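Here is the structure we will look at.
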There are 2 protein chains.
Amino acid sequence: MPRSEAGSRDRTVGIKQVALHAGVSAGTVSNVLNRPERVAAETRARVEQVIKELGFVRNGSAASLRFGHGRTIGLMMLDLGNPFFTEMARGVEDLMSEREYGVILCGSAGQELREERNMRMLAEQQVRGVLVTPVNDNRDSLALLRERGIPTVMLDHAATRADQCSVTVDDVTGGHLAASHLLERGARDIVFVGGPLTTRQNADRRAGALRALREAGHGTLREMIVEEMTSRAGDEAAEHLLAELPDAIFCANDLLAMGVLRLLLQQGVRVPGRVLLIGYDDIEYARASAIPLTSIRQPPYKLGQIAAELLLDECDHPGSHVHQQIMFQPELIVRESTSR
Amino acid sequence: MPRSEAGSRDRTVGIKQVALHAGVSAGTVSNVLNRPERVAAETRARVEQVIKELGFVRNGSAASLRFGHGRTIGLMMLDLGNPFFTEMARGVEDLMSEREYGVILCGSAGQELREERNMRMLAEQQVRGVLVTPVNDNRDSLALLRERGIPTVMLDHAATRADQCSVTVDDVTGGHLAASHLLERGARDIVFVGGPLTTRQNADRRAGALRALREAGHGTLREMIVEEMTSRAGDEAAEHLLAELPDAIFCANDLLAMGVLRLLLQQGVRVPGRVLLIGYDDIEYARASAIPLTSIRQPPYKLGQIAAELLLDECDHPGSHVHQQIMFQPELIVRESTSR
DNA sequence: CTGTTAGCGCTTTCAG
DNA sequence: CTGAAAGCGCTAACAG
């Protein structure tokens, strides 16, 4: 008789108590909750009244067990320390909250291991679907979900095949935009400071920059790959560059650029006088920085929102849903850091 | 015969299939999962082997239904657009991820209604506990959880009674620190720019500032209450102040301060030359801004981490757990925006 | 339109 | 140390 384990939760109000108080059966209460149109208006009103009085809250786990999935989605972000990603998360959360879904937030911090651990956790939680900014192109952790029939939408990462939705910004073009701009401003010796090239964002931005140089027929790209894409890492990168300053520095995100900027100014290197500097993402803080930062703008909030909508569409209309690969175009925002 | 509804999830590997393949019973598999020490080493190894082979992932909903709670916690944040809060969220996520818990992220955006809706959703999800930065002192939405025996820890908000844990920073002292500093630098006509005073953070920071003025015996505090604590709101506030510029502006957070700063500089008002400016939170971007911002530092990541630990302690050791109200002291960080 | 009933997958006594 | 069986709260099929 497993009754003693109830702990402090003895007085849980279930669908049964509601049924009892309303003088109907549990099935009817369930109908009021899930298919109200099938219940007589009068009965429904009475049940709803009792629900309110008793402060009944549906047990999501039970429903989830029955349905095979719950009212939550997973959100795997690459870097929760970057405003670009937290803005994306905000876009997702706003939309999901409106639709009465819970968002389980996960940060991989760029580590494949952590990504996989979190994916397994999400599968356990029976999430309805997952939004993911993957660490790299290794599809193992996604496979874990696909096997179990959990829809996934790629965020800020293009789907390599057409078997799923994705919402991205064209990073190759972004990189091209950045490098072209630097070349136009007269830079020839350019340094690219970015994170691991196994992460698509870095690889693409670099590739775009290289293409710009090739097309222009001049200019060279030195590379500096850092572990983390933080302003601290930017500091360190800049320190190494002091020995042989380039004409311009292209950072794969604004956090890095802000770190680079800080160290350069502190060392008395004039920006943009001596070195041009361009970032990526155009986070809110880029324009407010010591030397307002030229950057490549992306719309993170919108990316999050649209990805969330695509995911819900796939969940709610698995029949009619068609996978879409949406790609936004980035925009060059010129500010003082490249205005000689 | 409710069998046809399986959809794409026909081949779900349950504890039963594992049991079958391993030649044991479901109960034993469950024991391997939850109390491995009660299973013979050899049996355990065999079961674990099968689990791996079959790619079995435990159904969290079922476990949750049985236990009365799941392996997730709720995180209610006041403002997901503010790096202070997202850093706090990162602290929480890092710790919870380590402990194999899922974090359901909710943003109230300062709206009581949204807070309550989210709380109900969290209760439905059978979260193990909730970390909350409440919109105001209205305890209704908390009551919803307490009734159901869901532990809550207040984050960046002191518990008014000793019936729960809380982790805060002393905002009265913070406000005092800020105003004292401005007075010391010679300001007399000070403006406080902040969000609604129903939100404790704003009320306390203002109260601290008033106390500082009172103690000093000189200085006046004009007030400007804005709807949202964003840099855009800071812009607008500053615009209104142009007509009658004060000696100094104390913003209730750095986002506001950055907005104020932007508008002032754009209008040719020298900072700190004409107006002293101080923010609050000391977000990473405060020191990198056009005029590095004097601010009041708080340790958001640590707050999140500690709150998460307190919550888990309460969940895992309900017997021995003692509620703690932890309060950190803020720190004045002087930078150029107040260095005449 | 409403009641009855059979599980969803897992955990946990209780027997063996 | 392992197996059998009951039941967590809810939903959906079916009968009335």
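These numbers were taken from a predicted model, which means no experiment stands behind them. Here is how names work: the chains are called A, B, and so on, in the same order as the sequence lines, proteins then strands, and each is numbered from 1.
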Subject >> Angle of first-five versus last-five pair axes in the helix from C:dC1-D:dG16 to C:dG16-D:dC1, to 10 degrees >> reply: 30°

**OP:** Give the intermediate values and the outcome of side-chain hydrogen bond (donor to acceptor under 3.5 Å, both in side chains) for residues A:Asp316 and A:His321.
**Re:** CA-CA 9 Å; A:Asp316 295 341; A:His321 175 82; over 6 Å; no

Subject >> Heavy-atom donor-acceptor pair, B:Asp313 side chain to B:Glu309 backbone, under 3.5 Å >> reply: no

**OP:** Nearest-nucleotide wise, let me know which of A:Val29 and B:Ala40 is further upstream toward the 5' end of DNA chain D.
**Re:** B:Ala40

How many whole angstroms separate atom [atom1] of [X] from atom [atom2] of [N]?
{"X": "B:Arg71", "N": "C:dT11", "atom1": "CZ", "atom2": "C1'", "value": "15 Å"}
{"X": "B:Arg66", "N": "C:dG9", "atom1": "CZ", "atom2": "P", "value": "16 Å"}
{"X": "B:Arg35", "N": "D:dT2", "atom1": "CZ", "atom2": "P", "value": "13 Å"}
{"X": "B:Arg148", "N": "D:dG9", "atom1": "CZ", "atom2": "P", "value": "10 Å"}
{"X": "B:Glu124", "N": "D:dC10", "atom1": "CD", "atom2": "P", "value": "10 Å"}
{"X": "B:Arg38", "N": "C:dT11", "atom1": "CZ", "atom2": "P", "value": "14 Å"}
{"X": "B:Gln126", "N": "C:dC10", "atom1": "CD", "atom2": "C1'", "value": "15 Å"}
{"X": "A:Leu65", "N": "C:dT11", "atom1": "CG", "atom2": "C1'", "value": "13 Å"}

Considering just the side-chain nitrogens and oxygens of [X], establish if one lies under 4.0 Å of OP1 or OP2 belonging to [N].
{"X": "A:Arg44", "N": "C:dC1", "answer": "no"}
{"X": "A:Thr43", "N": "C:dT2", "answer": "yes"}
{"X": "B:Thr28", "N": "D:dC1", "answer": "no"}
{"X": "B:Asn34", "N": "C:dT11", "answer": "yes"}

Original post:
Among all residues two or more places apart in sequence or in another chain, which pass the side-chain contact (heavy atoms from CB on, under 4.5 Å) test with A:Val135?
Top reply: A:Leu78, A:Ser108, A:Glu115

Original post:
Side-chain contact, heavy-atom cut-off 4.5 Å: B:Glu314 with B:Gln324?
Top reply: no

Original post:
Any side-chain heavy atom of B:Arg90 within less than 4.5 Å of one from B:Glu93?
Top reply: no

Original post:
So what does A:Gly14 hit on the nucleic acid, given a heavy-atom distance under 4.0 Å: a base, only sugar-phosphate, or nothing?
Top reply: sugar-phosphate

**OP:** Please work out if B:Gly23 contacts a base, only the sugar-phosphate, or nothing of the nucleic acid, heavy-atom cut-off 4.0 Å.
**Re:** sugar-phosphate

Original post:
With a 3.5 Å cut-off and no angle check, do the side chains of A:Glu112 and A:Asn136 form a donor-acceptor pair?
Top reply: yes

Subject >> All salt bridge (charged side-chain N to carboxylate O under 4.0 Å, His left out) counterparts of A:Arg120, not counting sequence neighbours >> reply: none

Considering only [options], which nucleotide approaches the side chain of [X] most closely?
{"X": "A:Phe67", "options": "D:dG9, C:dC10, D:dT11", "value": "D:dT11"}
{"X": "A:Ile15", "options": "D:dT11, C:dT11, C:dG9", "value": "D:dT11"}
{"X": "A:Ala62", "options": "D:dC10, C:dG9, D:dA4", "value": "D:dC10"}
{"X": "A:Val39", "options": "C:dT2, D:dC10, D:dG3", "value": "C:dT2"}

Original post:
Relative to each other, are the rings of A:His69 and A:Phe67 parallel, tilted or perpendicular (30° and 60° limits)?
Top reply: parallel

